[in-house]
Amino acid sequence: MFNEILKIDNLRKRFGNVEAVKDVNLKINKGDVFGFLGPNGAGKSTTIRMILGLVKPDNGNVVINGYNLKDDYKKALNKVGAMVETPSFYEYMTGYENLKLTTNLFKNVKHVDVLKVIKIVGLKQKANEKVKGYSVGMKQRLGIARALLNNPELIILDEPTSGLDPQGKKEIRKLITNLSESKNITFFICTHLLNEVEQICNRVAILQEGQIISNRLLTEDNDEKWIKIYTNQKEEVNKLLKDYDGVYNIKISDNGVEINIESNNIEEVNTLLFTKNLKIKYIVPKVESLENYYFNETGGKFDVI
Amino acid sequence: MLFRLIKNEFYKMLKMKKIYIFMLIIFVMTIIPVLASKFSEAEIVMKVNTFPLENLSWSAEMIIPIFIVILAAEMITNEYNNGTFKLSLINSAKRSEVLISKLLVMITFIFMILIFTLMVSYISASIFFDWGVPFEINGHILSEINGILYTIGMYLLSIIPLTAFSVLVFYISLNLNSPGSVVGINIGLIFLLSLIRQLSASISPIIISNYFNTGIILNSANIFKEVIILLGISLIYMTIFYSLSWVNLKNKDIVK
């Protein structure tokens with residue numbers, strides 16, 4: 001049984017002269033709350049749209065739950081809920097009626113499920129009011145309710161707290177955490193907000209100018225560590241470890257090589273480096289705040305809010 | 001999935017005020033000449049037998065095409081702009097299914113509007129006028145019931161060229177980003193087609209709006225031939241513009 005719910009291989013998209021997404025590779029495991037972080041215009045929304053089949057990639061594959069989006073479009077999206085950018089609704093209809101439209105598209109989703117998701121997102125009192133009278137926060141909640149309707153295993157949210165006041169942001173974050181824990185839903189959250197990722201995500205990838213520049217776990221009790229290998233033989237170490245199983249990320253820094261590695265592989269890597277006669281000065285675990293990490297990764301090109 | 005999408009399109013359409021406004025316009029535009037004829041001092045003779053076909057000429061040639069344009073702008077361009085077009089797509093509906101469902105609902109709308117026009121025409125005329133002289137086709141006088149059947153037939157036949165026009169409007173709607181442009185350009189197109197028909201007798205047979213008013217077919221010496229031409233031209237329009245719409249939608253990046 002595969003644990004990967006979403007796999008993106010070499011995804012590329014160009015709009016005219018602008019290369020919006022450049023060979024993006026990602027793997028998301030079941031149960032992850034994945035933060036897809038990047039400044040405005042980095043290509044996050046384009047990537048999301050390619051995952052959902054709304055934008056045709058120039059190259060690459062999207063595999064959801066084992067189904068390739070190109071070949072098994074329906075099966076791939078069957079257990080996916082999504083809210084893309086500002087959630088859009090038929091404003092002349094009520095919140096309930098808008099959800100009913102989504103319910104109609106699925107065989108196994110019933111009236112009672114609509115009531116259930118309305119309750120989950122706390123819109124019970126407003127469900128029968130027209131959406132045109134909803135605040136931004138209520139629309140975001142309704143968008144999340146819609147994404148929940150088909151009992152999804154993966155929910156993709158694009159800037160879920162955009163336009164919300166601090167209290168609204170807190171409530172949405174709490175809602176995502178609750179859903180992740182209680183229903184084991186995998187979340188793919190696209191945002192430009194550092195603190196949002198830090199508070200709710202267990203894994204994060206940074207996208208800058210269409211490229212993934214980093215992909216790492218955030219939780220303290222994770223099985224992956226960032227370690228720094230201090231060596232003068234940076235190229236040799238890089239060559240040796242870049243395709244090594246269990247090494248997720250590798251980058252050459254000033255006085256060595258930094259790798260993101262599964263904890264139980266550290267010893268093996270140590271042995272490997274030794275057997276290849278590479279001169280290693282130290283191997284040191286790397287600990288830094290998320291904010292510092294991002295600034296280092298992006299070269300300070302981030303809007304931290 | 002197709003059935004579910006059609007159900008949703010209907011649900012949306014019936015929730016729109018526009019549909020009821022269209023019906024009100026048809027009602028008013030039908031009733032005004034009836035009342036004017038009844039109460040004016042001028043000698044205008046209206047008969048129940050002929051009034052529905054007279055009414056079809058202006059409704060099918062002018063009013064219904066404008067409704068089609070407004071509805072297509074709502075169903076395609078406005079939905080795309082508002083971001084609601086993608087909702088079915090991210091819930092596993094195929095683009096082809098979305099396009100077909102919208103087209104089928106448009107055809108149903110045309111059918112409903114035509115039936116409504118027919119009913120309002122018969123009811124309003126029968127309240128104020130008598131049935132008058134029966135239908136005459138190629139020298140043959142028809143019974144009242146056959147006259148009604150021919151009238152219904154012509155109403156139903158006009159669905160076909162109007163559907164072909166809808167496919168053309170769908171194609172234009174898919175290519176424009178603003179509902180205002182869709183309405184403006186398509187209404188301009190309706191008038192342009194009408195002008196071309198009047199200016200050039202040789203081109204008019206390939207102009208789709210030439211076939212909207214099916215009532216005039218009954219004046220032809222060879223009704224069968226006229227119907228075949230109507231079906232042929234409509235089919236050509238449908239094939240060309242449906243194919244173009246499908247290619248456009250298939251390759252379109254949904255960025256809103």
Side-chain angles (χ1 to χ4, degrees), chain A residues 13-16 20 45-46 48-58 64 67 69 72-94 97-107 109 130-132 139 143 146-147 149-150 152 154-156 158, chain B residues 1-22 70-71 73-102 104-105 174 177 179 246-256:
Chain A
K13 182 68 186 179
R14 175 183 282 276
F15 293 108
S45 292
T46 304
I48 279 192
R49 284 171 190 276
M50 285 194 278
I51 295 170
L52 294 168
L54 297 172
V55 165
K56 306 268 174 188
D58 296 332
I64 305 172
Y67 297 107
L69 193 70
D72 288 302
Y73 178 80
K74 286 189 181 235
K75 284 179 182 166
L77 290 180
N78 191 36
K79 284 288 171 191
V80 177
M83 186 175 88
V84 185
E85 287 179 16
T86 314
S88 32
F89 299 98
Y90 298 97
E91 304 255 329
Y92 53 89
M93 291 188 204
T94 65
E97 286 166 345
N98 270 279
L99 296 182
K100 190 83 177 53
L101 285 175
T102 302
T103 311
N104 289 343
L105 297 173
F106 296 96
K107 206 187 285 180
V109 184
K130 288 199 172 154
V131 173
K132 66 182 169 195
K139 285 183 183 173
R146 184 165 58 196
L149 268 175
N150 58 330
L154 169 67
I155 294 185
I156 297 171
D158 192 357
Chain B
M1 180 57 94
L2 184 61
F3 173 75
R4 294 168 189 279
L5 287 167
I6 292 170
K7 187 177 166 188
N8 270 3
E9 288 299 327
F10 266 116
Y11 192 77
K12 285 185 272 180
M13 193 171 81
L14 295 174
K15 285 278 171 188
M16 270 192 287
K17 283 183 187 154
K18 285 187 180 88
I19 298 299
Y20 305 102
I21 294 170
F22 292 163
I70 294 169
L71 208 59
E74 178 69 41
M75 289 169 105
I76 308 254
T77 319
N78 208 25
E79 283 219 17
Y80 182 78
N81 270 349
N82 289 342
T84 46
F85 192 90
K86 65 177 178 287
L87 295 178
S88 307
L89 299 175
I90 60 178
N91 285 302
S92 341
K94 286 186 171 175
R95 293 179 184 216
S96 55
E97 292 172 329
V98 172
L99 185 65
I100 291 171
S101 67
K102 287 184 184 291
L104 289 176
V105 171
L174 279 166
N177 290 324
W246 164 230
V247 171
N248 180 298
L249 187 57
K250 190 181 162 195
N251 298 316
K252 195 179 179 88
D253 286 329
I254 314 286
V255 292
K256 284 192 177 177

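What you are looking at is a predicted structure, and each value in this text was computed from that prediction instead of being measured. Below, chains carry the letters A, B, ... as their sequence lines are ordered, and counting in each starts from 1.
- Annotation: the span from B/M1 atom CE to A/K74 atom NZ amounts to 4.5 Å, rounded to 0.5 Å.
- Taken to the nearest 0.5 Å, the CG atom of A/L105 stands 5.0 Å off from the OG atom of B/S88.
- Heavy atoms closer than 4.5 Å to chain A are found in the side chain of B/K7, but not in its backbone.
- The two residues B/K15 and A/E97 come nearest to each other via the heavy atoms NZ-OE2, 2.5 Å.
- Between the CG atom of B/N91 and the OG1 atom of A/T103 there is a distance of 9.5 Å, given to the nearest 0.5 Å.
- Taken to the nearest 0.5 Å, the NZ atom of B/K17 stands 11.5 Å off from the OH atom of A/Y92.
- Contact of A/E91 with chain B is not made at all, since no heavy-atom distance falls under 4.5 Å.
- The residue among A/N104, A/L77, A/L52 with the most heavy atom pairs within less than 4.5 Å of chain B is A/N104.
- Close approach to chain B, defined as a heavy atom under 4.5 Å from one of its heavy atoms, is seen in A/A82, A/V84, A/S88 of residues 81-88 of chain A, taken by number.
- The contact between A/F89 and chain B is made entirely by backbone atoms, counting heavy-atom distances below 4.5 Å.
- In terms of non-hydrogen atom pairs under 4.5 Å with chain A, the most contact-rich of B/V255, B/N251, B/L5, B/N82 is B/V255.
- With sequence neighbours left out, A/Y90 forms a ring pair (Phe, Tyr, Trp, His ring centres under 6.0 Å) with no residue at all.
- At a threshold of 4.5 Å between non-hydrogen side-chain atoms, the residues A/L54 and B/F85 do not count as touching.
- Note: A/K13 NZ to B/D253 CG = 3.5 Å, rounded to the nearest 0.5 Å.
- Only the side chain of B/E97 comes within contact range of chain A, judged by heavy atoms closer than 4.5 Å.
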